[in-house]
Amino acid sequence: MNREVRVRFAPSPTGALHIGGVRTALYNYLFARKNKGRFLLRIEDTDQTRFVPGAEEYIKEALDWLGIAPDESPWNPGSVGPYRQSERKPMYMQYAMDLVEKGHAYYAFDTSEELEAMRQRLTAARVVSPQYNSITRTQMKNSLTLPEDEVKARLESGEPYVIRVKIPRKEEVRLNDLIRGWVMVHSSTLDDKVLMKSDGMPTYHLANIVDDHLMGITHVIRGEEWLPSAPLHVLLYRYFGWEDTMPQFAHLPLLLKPDGNGKLSKRDADKHGFPVFPMDWIDPTSGDTAMGFREQGYLPDAFLNFLAFLGWNPGDHRELFSLEELIDAFSVERIGKSGTKFDINKAKWYNEQYLRAKSDEELAQYLMDDLQLEGIQIEFSKATQIVQVMKERATFPSDLWKEGKFMLVAPDSFDEAVLAKRWNNDALAVLGTYKEKLVDFPGELNPESAKSLLEAAAEDNGIKLGKVMQAVRLAVTGVGAGPDLMAVFSILGKDELVKRLDYALNNLKVNI
Ligand code: GLU
């Protein structure tokens with residue numbers, strides 16, 4: 001009875017893969033690895049009207065970037081393909097017919113005008129959500145209401161039709177969700193969903209069930225938005241006679257807005273200026289770019305770690321997990337039921353941890369790459385020194401350049417507020433003496449000598465160093481706060497430091 005664990009991620013290529021979808025893919029991947037099973041990817045593209053060019057490639061690239069590529073997919077098929085539903089089209093009709101023959105589905109010939117008229121009738125009668133269901137179908141044009149020979153004639157004449165599932169009027173449908181426990185739904189709340197469309201394409205519901213069955217899927221791990229569809233899916237498994245191998249369901253909690261009020265959307269992301277897509281996405285119709293975590297400077301392992309914690313936790317205080325460690329620690333039992341608030345600061349925190357864990361050399365290479373774009377050339381050893389000073393203050397690799405720029409380029413502006421408050425005669429006196437001492441200093445400057453010379457300069461003037469320290473920083477870096485100043489001085493070197501002091505002493509006006 002022990003089947004090989006097989007899970008699938010089944011995205012529809014309707015646009016950029018949202019972060020919620022990436023989390024679904026990750027949990028499926030972790031579950032498969034943990035249980036020595038297989039992770040499949042199936043493209044659900046039965047709704048041709050919603051197909052967006054480039055969306056499929058985007059999904060592949062995102063999963064590759066994160067290192068969670070599927071074991072079987074359209075790009076590396078296994079033995080249960082094709083892995084795109086549009087390519088499986090000829091397979092579905094026989095299953096719909098099977099249900100018609102068993103009396104669990106029926107033909108419906110209603111035109112869109114007739115369906116609309118039905119909706120209006122029901123709305124006028126104050127029905128809150130008008131549906132094609134066990135009651136209303138008795139007044140519609142379908143193979144349950146029309147005489148058999150008329151149905152036959154309509155089918156033979158090539159009249160368009162759909163096939164709908166026949167939902168029983170009074171029945172309790174139960175399913176045991178691995179995250180939510182028993183879920184019970186009354187069939188009177190379900191409608192007779194279309195299984196086969198008039199264009200000969202199956203709908204999501206039919207294709208999803210047939211494919212999960214044919215692909216040997218053992219566990220369906222997907223977003224909570226699919227929970228309302230699950231009772232119908234359970235009924236379909238029953239009607240097909242596939243109950244014995246019906247997959248177990250696990251519906252993942254919603255990702256919520258930062259304030260916890262409602263589902264996280266692209267609009268929230270735009271409002272707060274954070275990404276909700278793994279990578280940049282250029283909308284092929286509007287040409288608009290939606291920003292991605294990758295391009296914002298998130299490291300793939302940090303982003304994965306962050307994603308894993310959006311709904312799951314290991315049950316203790318550990319937060320930093322490599323992919324291998326996640327596989328080891330992962331269990332569906334530890335996925336929460338309630339929605340998870342999206343907190344971009346947590347994503348940044350993860351990025352900082354992973355950035356700091358990198359070697360100085362690896363980070364120096366990031367810096368060198370950025371410098372190359374800026375047309376600035378420095379020795380690798382100098383890049384390493386800058387990294388050592390900046391690494392604790394950086395969130396993204398690009399911060400090394402952005403925040404550390406003053407170590408390579410003299411400031412061209414000076415913080416007005418600090419200037420007004422701190423640039424005074426005491427500062428001028430200490431800096432003047434400091435400059436002279438530096439000029440006379442033989443040999444290379446290091447953090448210790450830079451410091452002792454500065455202390456001596458303050459003492460010579462009878463001024464407490466603490467009182468002028470911010471002015472010293474301002475003169476050299478242009479701002480009032482930053483990394484360890486003596487380390488910065490040592491990186492700048494004596495000549496550059498003297499040059500900057502000179503400039504400040506001659507150009508910055510003293511506030512009396
Ligand atoms: N195609 C569905 C989606 O886009 C898949 C839902 C499921 O996993 O059953 O999310």
Side-chain angles (χ1 to χ4, degrees), residues 5-32 37-52 54-60 62-63 68 70 72-74 80 82-89 92 165 175 177-180 183 193-195 197 201-237 240 242 245-255 263-266 276-278 281 311 332 335:
V5 165
R6 288 169 70 81
V7 292
R8 85 310 192 263
F9 175 48
S12 298
T14 54
L17 180 62
H18 185 269
I19 181 169
V22 192
R23 183 194 60 174
T24 301
L26 172 62
Y27 286 10
N28 273 284
Y29 175 93
L30 294 176
F31 188 80
R38 288 180 79 72
F39 170 44
L40 282 69
L41 182 140
R42 180 176 70 230
I43 295 288
E44 300 211 323
D45 56 353
T46 53
D47 190 350
Q48 302 281 297
T49 56
R50 296 184 63 216
F51 177 82
V52 173
E56 192 183 305
E57 292 72 15
Y58 182 94
I59 293 165
K60 178 178 189 311
L63 300 187
I68 54 170
E72 298 173 27
S73 71
V80 294
Y83 291 76
R84 267 183 213 100
Q85 286 184 330
S86 56
E87 292 168 17
R88 300 170 70 85
K89 186 178 169 188
Y92 301 110
V165 60
L175 74 118
D177 187 273
L178 291 172
I179 297 170
R180 273 142 231 277
V183 177
K193 284 262 181 307
V194 171
L195 300 177
K197 293 182 277 189
M201 269 293 202
T203 57
Y204 155 74
H205 300 289
L206 178 69
N208 188 270
I209 297 317
V210 167
D211 289 347
D212 281 350
H213 175 71
L214 295 179
M215 292 177 152
I217 298 304
T218 57
H219 298 79
V220 166
I221 304 170
R222 62 182 173 191
E224 188 184 291
E225 63 274 26
W226 298 103
L227 188 58
S229 302
L232 166 63
H233 297 175
V234 169
L235 286 176
L236 289 176
Y237 278 104
F240 280 123
W242 298 335
T245 53
M246 183 172 87
Q248 286 194 272
F249 292 98
H251 288 91
L252 306 175
L254 286 179
L255 293 187
K263 220 170 126 179
L264 178 72
S265 69
K266 178 172 177 304
V276 288
F277 299 115
W281 165 255
V332 171
I335 296 175

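Atoms within a ligand are numbered from 1 in the order they appear, just like the ligands themselves. Along the sequence shown, residues carry numbers from 1. Values below: every heavy atom of this structure, side chains too, minus hydrogens, waters and symmetry copies.
- Of the possible polar contacts, one joining the N28 side chain to the I221 backbone as a donor-acceptor pair under 3.5 Å is found.
- Taking 4.0 Å as the cut-off between side-chain N and carboxylate O, R84 and D45 do not count as a salt-bridged pair.
- Residues with a heavy atom under 4.0 Å from ligand 1: R8, A10, S12, E44, Y204, N208, R222, W226.
- Residue pairs satisfying the side-chain hydrogen bond (donor to acceptor under 3.5 Å, both in side chains) criterion with at least one member in residues 10-22, sequence neighbours excluded, are absent.
- Panel note: side chain R180, backbone H251; a donor-acceptor pair is recorded below 3.5 Å.
- The side chain to side chain donor-acceptor pair (under 3.5 Å) test applied to Y83 returns E72, not counting sequence neighbours.
- Contacts classified as salt bridge (charged side-chain N to carboxylate O under 4.0 Å, His left out) and involving residues 201-210 (residues at least two apart or in different chains) are not found.
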